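Structure record follows, encoded as structure tokens.
The model shown is predicted, which means the values in this text are computed figures rather than measured ones. Numbering of residues begins at 1 and proceeds along the displayed sequence.
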Amino acid sequence: MLTVDFSADRTLADIATREWSFRRQHVVRELGAYVPLRSVLPKLDPANQAEKLAFWTTVLRELDELDVSTLSPTGREDRLVLRQQVEALRLSQIFREYERPFNAFTSFWDDTAAAIREESFDHENKYRDAISMMREMPRYFDEAIANMETGLARGFSQPKIVLPAAIRTIQAVLAQTPEETDYFRPYHTFPDAVPVTVRPELLQEARAAIIEAVLPAYARLLAFMQDVYAPTAIESIAATNLPDGPAYYNAKVNEFTTLEMPAEDIYELGLAEVETCSAHMLAAVRDSGFGGTLEEFLTFLKSEPQFYPTSAEDLLMRAAWITKKVEAKLGSFFGLLPRRRFAIEPVPENIAPNYPMGTGAPGLYLLNTFNLASRPLYILPVLTLHEAVPGHCFQMSLAAENEARPPFRAQTYGIAYGNAWALYCEKRLGVEMGIYETPYDVFGMWSLLTLRAVRMVVDVGVHAKGWSYDRARDYMSEKTGLPLLVVEAELQRYISWPGQALGYYLGMMAIERAREKAERMLGQAFDIRAFHDRILALGPVPMTLVEDSIDQMITEQLDEQAKRV
């Protein structure tokens with residue numbers, strides 16, 4: 001029998017509090033988490049990078065020195081989650097990822113804008129913090145540029161093929177007036193909590209900070225990217241060709257899947273799942289009454305105006321309608337609902353050309369309205385289930401509102417866990433809720449799920465098996481049937497962010513295994529609401545912990561049933 005020593009739990013809590021405080025000071029975005037607004041941006045110079053490595057190495061040692069057997073069940077769970085997060089942060093320092101501080105999806109420059117986009121400006125202090133942050137950006141950008149120069153010198157850069165799109169996001173900011181930028185966005189309107197008397201001052205200071213600090217920082221960054229980085233960047237798209245590449249890629253595979261599964265096994269599983277999904281796609285084609293081949297069906301879809309929005313507003317309003325249909329069904333599937341609501345907005349123009357179809361975060365569902373001819377409406381139900389409700393917006397809000405969890409579990413985002421849940425929502429709950437109303441909607445669901453299976457093949461193929469860009473692009477286009485613009489954006493994301501796309505499908509399969517086991521073991525006593533609430537109460541955790549928690553739930557319920565007999 002285990003002996004619980006609550007002093008061990010207190011020691012763990014002290015370590016976690018100290019680590020979280022350090023992380024908030026030194027990291028802008030990590031593990032896909034919300035970007036906090038701060039008045040002082042972290043320092044990125046070599047001394048601070050060394051400090052981060054030393055700190056997280058010490059934290060790991062402290063966590064490993066804890067006697068796990070003396071922790072409470074919650075303490076053991078917290079230690080496992082914290083250790084996984086800190087190990088990822090430590091390895092990021094060892095591989096010096098700060099020398100490659102952007103990819104085709106996120107960047108250090110857009111993170112500063114995202115901090116303002118994602119913040120709720122409900123107090124005067126937040127407006128002043130944003131101004132202070134903007135004043136910090138020249139120093140912050142210059143330190144990032146110095147790190148990128150070091151990366152270039154050792155062959156650790158992003159590949160040339162992803163740079164044009166990244167550079168366009170910088171140019172787009174510089175093409176705007178100060179008032180058009182995301183940085184000025186909260187200053188267009190003020191809540192009642194901001195005194196009328198200080199609003200003119202805030203407007204003036206924000207405009208001056210953008211003119212004097214933000215735009216000059218972007219201008220220097222653009223010159224560096226065009227004149228230095230792009231001509232010097234590596235040609236290879238494979239992570240294994242980077243310095244210490246095989247070890248680096250293996251570390252990213254482990255981080256993003258939270259599983260000990262070799263890349264070769266993921267590749268083989270991906271090939272099999274692609275074929276399974278493709279068969280379901282073809283079945284949806286037949287259900288639609290179309291008698292031709294899949295290629296002919298795709299041609300038909302591309303040529304029919306009925307499958308495409310007529311305007312950005314049309315796309316946004318249709319997404320809003322889908323969310324309301326989902327919300328009408330939530331009570332039958334969940335016992336606990338988040339208090340926070342979310343807005344539906346278009347992706348900002350400066351990042352839209354190379355941005356995914358949509359993204360979800362607490363309080364905000366972003367839909368890409370760029371190039372409406374590549375935004376088919378039959379994709380919208382599955383996209384909304386994944387990104388908004390009951391996917392990311394829903395799950396992340398519940399995690400943030402869970403006062404029983406420490407901040408490192410409530411205020412972060414696990415790539416594997418978060419996307420496993422979102423894929424489960426689109427594949428399993430979307431069907432059970434009746435959200436897919438036509439064969440075209442079902443086709444869209446299987447098309448996107450095929451994309452997630454394709455990711456397992458392409459990510460490993462590109463980074464570990466020598467696939468060329470053209471081979472990867474052609475494979476994705478053939479298997480998913482998605483528009484070329486979507487395929488290119490997705491592929492550049494996989495190339496520039498090794499391993500990130502691998503956890504989605506594997507994690508979904510873990511949730512499906514857990515549900516099938518719970519249904520089999522509990523029979524008529526299985527409660528779908530309790531099952532979902534249990535998973536969502538965990539917050540971002542390694543996927544092995546999801547299955548362990550459901551096993552524990554099964555045991556608890558069986559024991560309770562036995563007591564009643």
Exercise for the section: Begin with the C-alpha distance, continue with both residues' side-chain angles, and end with the deciding distance and a verdict on salt bridge (charged side-chain N to carboxylate O under 4.0 Å, His left out) for Glu99 and Arg154. Expected result: CA-CA 10 Å; Glu99 294 176 356; Arg154 69 184 185 100; 2.5 Å; yes
Handout entry: Step-by-step salt bridge (charged side-chain N to carboxylate O under 4.0 Å, His left out) determination, Arg100 to Glu97
Key = CA-CA 5 Å; Arg100 206 166 84 142; Glu97 287 193 290; 6.0 Å; no
Note: [X]-[Y] ion pair, threshold 4.0 Å (strictly below):
X: Asp122; Y: Lys126; value: yes
X: Asp64; Y: Arg79; value: yes
X: Glu516; Y: Arg520; value: no
X: Arg515; Y: Glu512; value: no

Problem - Rounded distance (nearest 0.5 Å) linking atom OG1 of Thr240 with atom NZ of Lys465 - result: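 Thr240 OG1 to Lys465 NZ: 11.0 Å, rounded to 0.5 Å.
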Problem - Rounded distance [0.5 Å steps], OG1 in Thr57 versus CD in Gln93 - result: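 Here the interatomic distance stands at 9.0 Å.
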Is it the case that the side chains of [Y] and [X] hold a donor-acceptor pair, with the cut-off being a distance below 3.5 Å and no angle test?
X: Thr384; Y: Tyr365; value: yes
X: Thr169; Y: Tyr355; value: no
X: Asp459; Y: Tyr249; value: yes
X: Tyr248; Y: His463; value: no
X: Arg455; Y: Tyr505; value: no
X: Gln557; Y: Gln561; value: no

Problem - Ring center gap for Trp56 and Phe22 short of 6.0 angstrom - result: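 That pair passes the under 6.0 Å test.
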Exercise for the section: Quick one: sort the Tyr267 and Trp467 rings into parallel, tilted or perpendicular, breaks at 30° and 60°. Expected result: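 Taking Trp467 first and then Tyr267, their aromatic rings stand perpendicular (interplane angle over 60°).
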Exercise for the section: Name the orientation class of the two ring planes belonging to Phe526 and Phe531 (parallel below 30°, tilted from 30 to 60°, perpendicular beyond 60°). Expected result: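 Phe526 vs Phe531 ring planes: tilted.
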For residues 539-548, run the donor-acceptor check on the side chains, cut-off 3.5 Å, and write out each pair with its distance to 0.1 Å, sequence neighbours left out.
residue : atom : partner : partner atom : Å
Glu547  : OE1  : Arg513  : NE           : 3.2
Glu547  : OE2  : Arg513  : NH2          : 3.0

Exercise for the section: Assess whether atom NZ of Lys43 is packed by more than 12 heavy atoms of other residues, nucleotides or ligands within 6.0 Å. Expected result: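 Open: at most 12 neighbouring heavy atoms sit under 6.0 Å from NZ of Lys43.
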Exercise for the section: Please identify each residue that fulfils side-chain hydrogen bond (donor to acceptor under 3.5 Å, both in side chains) with Asp559, with sequence neighbours left out. Expected result: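 side-chain hydrogen bond (donor to acceptor under 3.5 Å, both in side chains) list for Asp559, sorted by chain: empty.
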